[in-house]
Amino acid sequence: MTHKQTRQFNGSLQERFLGYSILATLLMSLVLYFSNDYTSNKITELIHSIEHSNEIKEDVIQMRNHVTALSNGINSVMNDPAKADQIRLIFQASFNELNHLINKLNQLDYIDGTGITGHLIELTGMLDELYVNSSKLIEIRKNIHQQFPAMEVSNRLMRSARDEMFRILSITHEEMSNSDPNYKGSELYDLIMESKYLLTYTISEYRLYLAFRLGSFNDENLFDQEEIVYAFTDNLRAVFQKIQTYRENLGFESQGIIKNLTSSLEKWVKGYEEVKSIHHSDKWRTDVYLMEENVLPILDNISTTLINIDQLLKEKNALQASEFKSIYDRYEILGYLIIGFFFLFVAMMIILVKKLVFSPLNALSLALNDKQIKFNSPEIQTLHKTDETKSLIQSFEKMHAEITARQEELSYQALHDNLTGLPNRKLLNERLEQSIEMADRDKHKLSFLMLDLNGFKQVNDTLGHHVGDILLVEVSKRLKSLMRKSDTIARLGGDEFSIILP
């Protein structure tokens, strides 16, 4: 082979090597570029999702606090009706804030497809229903006749009948005393006095019956008292019938009204029957019935709905964590593939160079394949005689540095908080397990602290999230400055931090 032929062959090899190198570099650059772009976008989306998730969690906590305030307000109204107007204002504020929070959540794209929207719709309906029923409960507690329907019956039917009977007996007694000197020694006098006595005791026993019912005493005593009232009304009815037999002996006015005794008594008994019917129903006390049948079930359903929303958020967070891990795994696999591809390319070049290039280049390829040799070692430096060897070494150094830096960056991101640079939950768990094992082995004590920032949400709400981020960074710096080298401080998320003190 002539010198000219050798130069042509070598020139062809250089062009081929350059073409392969450019192609491999372009492929790896494109893969890295699109992979990095995709990963960055996905990580940004995940970060925004986590921020929205934390925001929703805070809103749900506020909603639960307002529901608790409503429940406490309802209990206060039940215990002290005098606070009804004050509680009404608290109710209005809590309902307004709850509706505001629901509207705020409904505007977030984050909840699309999570099932939270359906729960928010249900929650809106339940809050409207709770508002109606709680308002009705407040009105009932302010009006004893609405609270106890039997009291309304007593006032509407029984009181007038009772007053009518006393009036008739008093008029008859007074008229007979004025017209008949022997009236006080007569049987009619005894019957009228007995009627007043029986009527008074009937009313007293009826009031005792109301006390048994309204005081929530033993039901057996309530039934016994009902029979006692019936017994007195039977005796009173019998005495009234006897008085009717003396009608012809009565005065003019008494004759006209004495016949109304029995009808007034029957009117009173009819009212008593209605009261008894109410007392034997579940609605004898409307406020308790409304609480048990409407208000408490709605509050329970609201609490259940908030729990369901929390569960959906946990599932969403778990999905985000899984997606983040998937991205990390894919990126790690991509790194291994790039490294593998690179080594495959190097192997092909080694084979090509070994066959077609003189020994210095062959020695260079063998040296590069040996991982124990440093790039600045004498063995490599002695081969820096041609553009091919220099280019190959420079490309290898650059790729190796990029891959190493990328792996270190990924490892750091996986174990540290993006904002503060502190260890995250995963690294905290690893160090906590190690610290526990060391403390157990050396019989030493170990302290584990968890803390968050009071009023942090107000900072975000009033000054903006960017100021909140600055605050978190500053807090992390101050906490870190207080730690020993052996201590670990980590950020769990939001304004939550944890500290391991061996």
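What's counted below: heavy atoms across the whole structure, side chains too, no hydrogens, waters or symmetry copies.
From I192, atom CD1 reaches atom CD1 of I258 across 6.0 Å, with rounding to the nearest 0.5 Å. Rounding to the nearest 0.5 angstrom, the gap separating the CD1 atom in I298 from the OG atom in S303 is 12.0 Å. Atom OG1 in T202 sits 8.0 Å away from atom CG in N235 (nearest 0.5 Å). Note: L199 CG to T233 OG1 = 11.0 Å, rounded to the nearest 0.5 Å. Distance check: I116 CD1 to Q311 CD gives 11.0 Å after rounding to the nearest 0.5 Å. Atom CD of E175 is separated from atom CD of E253 by 5.5 Å, given to the nearest 0.5 angstrom.
E409 and Q413 share a side-chain donor-acceptor pair at under 3.5 Å. Side chains of Y206 and Q225: no donor on one and acceptor on the other come within 3.5 Å.
Remark: M483 CE is packed, more than 12 non-hydrogen atoms of other residues, nucleotides or ligands lying under 6.0 Å away. With a 6.0 Å radius and a threshold of 12 heavy atoms from other residues, nucleotides or ligands, E174 has its CD atom at or below the threshold. Residue R425 places its CZ atom among 12 or fewer non-hydrogen atoms of other residues, nucleotides or ligands, all under 6.0 Å distant.
Annotation for I243 and S195: closest pair CD1-OG, 3.1 Å, computed over non-hydrogen atoms. Nearest heavy atoms, Y412 versus G421: OH-O, 3.4 Å. Shown here for Y131 and Q92, the closest heavy-atom pair between the two residues is OH-OE1, 2.9 Å. Between P423 and H416 the shortest heavy-atom distance is N-CD2, 3.9 Å.
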Trace of the salt bridge (Lys or Arg N to Asp or Glu O under 4.0 Å) decision for K270 with E273 | CA-CA 5 Å; K270 180 180 178 182; E273 291 283 351; over 6 Å; no
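A donor-acceptor distance shorter than 3.5 angstrom exists from the side chain of D495 to the backbone of L453, with no hydrogens or angles considered. Remark: the backbone N or O of T304 is not paired with any side-chain donor or acceptor of N301 at under 3.5 angstrom. Without hydrogens or angle criteria, N424 side chain to K426 main chain gives a donor-acceptor distance under 3.5 Å.
Salt bridge annotation for D310-R64: present, with a cationic side-chain nitrogen under 4.0 angstrom from a carboxylate oxygen. Note on R441 versus E437: no salt bridge recorded, every NZ/NE/NH1/NH2 to OD/OE distance being 4.0 Å or above. Salt-bridge formation is detected for the pair R167/E164: a Lys NZ or Arg NE/NH1/NH2 atom is positioned less than 4.0 Å from an Asp or Glu carboxylate oxygen.
Ring orientation note: the planes of H173 and Y189 are tilted relative to one another, at an angle of 30° to 60°.
For Y272 and Y230, the gap between ring centers is short of 6.0 Å.
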